[in-house]
Amino acid sequence: VQLQASGGGLVQDGGSLRLSCTVSGFTSNQYAIGWFRQAPGKEREGVSCVSVRGGGTSTADSVKGRFSISRDNAKNTVYLQMSSLKPEDTAVYYCSADPRTFHSASFFLRNGMYYYGKGTQVTVSS
């Protein structure tokens, strides 16, 4: 299983970015997928996850209404559209996947996932 995130960069306060994650080694719609982030000196936290069961989505309160997760199964790609970015969104963002099909998206958001790719840095300047 391989996950490769891209699309990070430097953006001004209020700007937008779209992160992409290409997955290989499995078919994306057979795994729960998600995005996590880790800021300097802080623990990794869930940003948004999508479960296999019912395709439900769970998004952290801190980014709700500003970030949106989606996936293109034909391209085996997962996206995180980020808008109205704030300096506190600065972090390394990680694409993730999990083969456990019976858990909800909120479970993964709280507890993490099994596989993580290399992260992509997002820096929001004030």
Side-chain angles (χ1 to χ4, degrees):
V1 174
Q2 290 187 328
L3 305 131
Q4 181 63 53
S6 62
L10 175 63
V11 64
Q12 289 188 332
D13 191 353
S16 298
L17 279 175
R18 189 177 77 159
L19 304 184
S20 299
C21 175
T22 54
V23 302
S24 59
F26 63 94
T27 303
S28 67
N29 64 353
Q30 295 176 344
Y31 277 67
I33 51 94
W35 289 93
F36 290 74
R37 68 185 183 184
Q38 187 167 19
K42 294 187 177 182
E43 292 187 355
R44 185 168 55 198
E45 63 174 351
V47 176
S48 191
C49 297
V50 181
S51 67
V52 176
R53 188 185 74 183
T57 300
S58 185
T59 301
D61 288 342
S62 59
V63 303
K64 200 168 289 184
R66 300 188 297 120
F67 290 13
S68 176
I69 189 172
S70 63
R71 64 183 174 192
D72 185 334
N73 292 330
K75 295 182 179 179
N76 259 15
T77 301
V78 180
Y79 303 100
L80 184 69
Q81 179 66 49
M82 305 185 294
S83 304
S84 301
L85 282 160
K86 305 175 182 180
E88 51 263 44
D89 295 319
T90 295
V92 177
Y93 284 72
Y94 298 90
C95 177
S96 59
D98 199 294
R100 293 173 290 178
T101 59
F102 45 87
H103 285 309
S104 66
S106 59
F107 171 87
F108 291 122
L109 195 74
R110 293 192 307 271
N111 297 288
M113 288 188 164
Y114 196 75
Y115 296 107
Y116 291 89
K118 292 183 180 179
T120 184
Q121 176 71 46
V122 172
T123 303
V124 184
S125 62
S126 57

Does S51 reach the main-chain N or O of S104 with its side chain, forming a donor-acceptor pair under 3.5 Å?
no
Hydrophobic cluster identity match, L80 and L109, side-chain contacts under 4.5 Å:
no
Is a donor from one side chain sitting under 3.5 angstrom from an acceptor on the other, for S106 and S58?
no
S20 OG to Q4 CD distance, which is reported to the nearest 0.5 Å
11.0 Å
Could you check if a side-chain atom of V63 sits within less than 4.5 angstrom of a side-chain atom of R37, using non-hydrogen atoms only?
yes
Does some side-chain heavy atom of F36 sit less than 4.5 Å from a side-chain heavy atom of C49?
yes
Of all heavy-atom pairs between T101 and Q30, which one has the smallest distance, and what is that distance?
CG2-O, 4.1 Å
Measuring from I33:CD1 to N76:CG, what's the distance to the nearest 0.5 Å?
11.0 Å
When rounded to the nearest 0.5 angstrom, what distance separates CD in E45 from OG in S62?
5.0 Å
With side chains defined as the heavy atoms from C-beta onward, is the minimum distance between M82 and V122 less than 4.5 Å?
yes
Flag if over 12 foreign heavy atoms under 6.0 Å of CD, Q2:
no
Backbone N or O of M113 within a donor-acceptor pair of the S96 side chain at under 3.5 Å?
no
Quick one: does any side-chain atom of T77 pair with a main-chain N or O of K75 as donor and acceptor, under 3.5 Å?
yes
OG1 (T22) and CG (D72) are apart, to the nearest 0.5 Å, by 12.0 Å
Work out which heavy atom in A105 is nearest to a heavy atom in G56; give both atom names and the distance.
CB-O, 3.3 Å
Donor-acceptor pair, distance only, cut-off 3.5 Å: does the side chain of N111 make one with the backbone of F107?
yes
Presence of salt bridge, D61 and K64, under 4.0 angstrom:
yes
Taking atom types as modelled, is there a side-chain donor on R18 or Y79 under 3.5 Å from an acceptor on the other?
no
Should the pair F67 and Y93 be assigned to parallel (<30°), tilted (30 to 60°) or perpendicular (>60°) ring geometry?
tilted
Between W35 and V11, is there a shared hydrophobic cluster once you connect ILVMFWY residues whose side-chain heavy atoms come closer than 4.5 Å?
yes
I'd like to check S125 versus L10 (side-chain heavy atoms, cut-off strictly below 4.5 Å). Are they in contact?
yes
S126 side, atom OG; D13 side, atom CG - distance, nearest 0.5 Å
7.0 Å
Closest non-hydrogen atoms of Y94 and K118, given as atom of the first, atom of the second and distance, are CD2-C, 4.1 Å
Less than 4.5 Å apart, any side-chain heavy atom of V23 and any of Y31?
no
For the student: nearest non-hydrogen atoms of I69 and S48, plus distance:
CG2-OG, 3.2 Å
Please tell me if the side chains of V124 and P87 come closer than 4.5 Å, counting only heavy atoms from C-beta onward.
yes
State whether F108 and R100 meet the cation-pi test: NZ (Lys) or CZ (Arg) under 6.0 Å from the six-membered ring centroid, and within 45° of the perpendicular axis.
no
For the backbone of Y114 and the side chain of D98, can you confirm whether one donor and one acceptor N or O come within less than 3.5 Å of each other?
yes
Check S84 against S16 and note the closest heavy-atom contact, atom names and distance.
N-OG, 4.3 Å
Got T120 and L19 here, is their nearest side-chain heavy-atom distance under 4.5 Å?
yes
If I take atom CZ from residue R71 and atom CG from residue N73, how far apart are they, to the nearest 0.5 angstrom?
5.0 Å
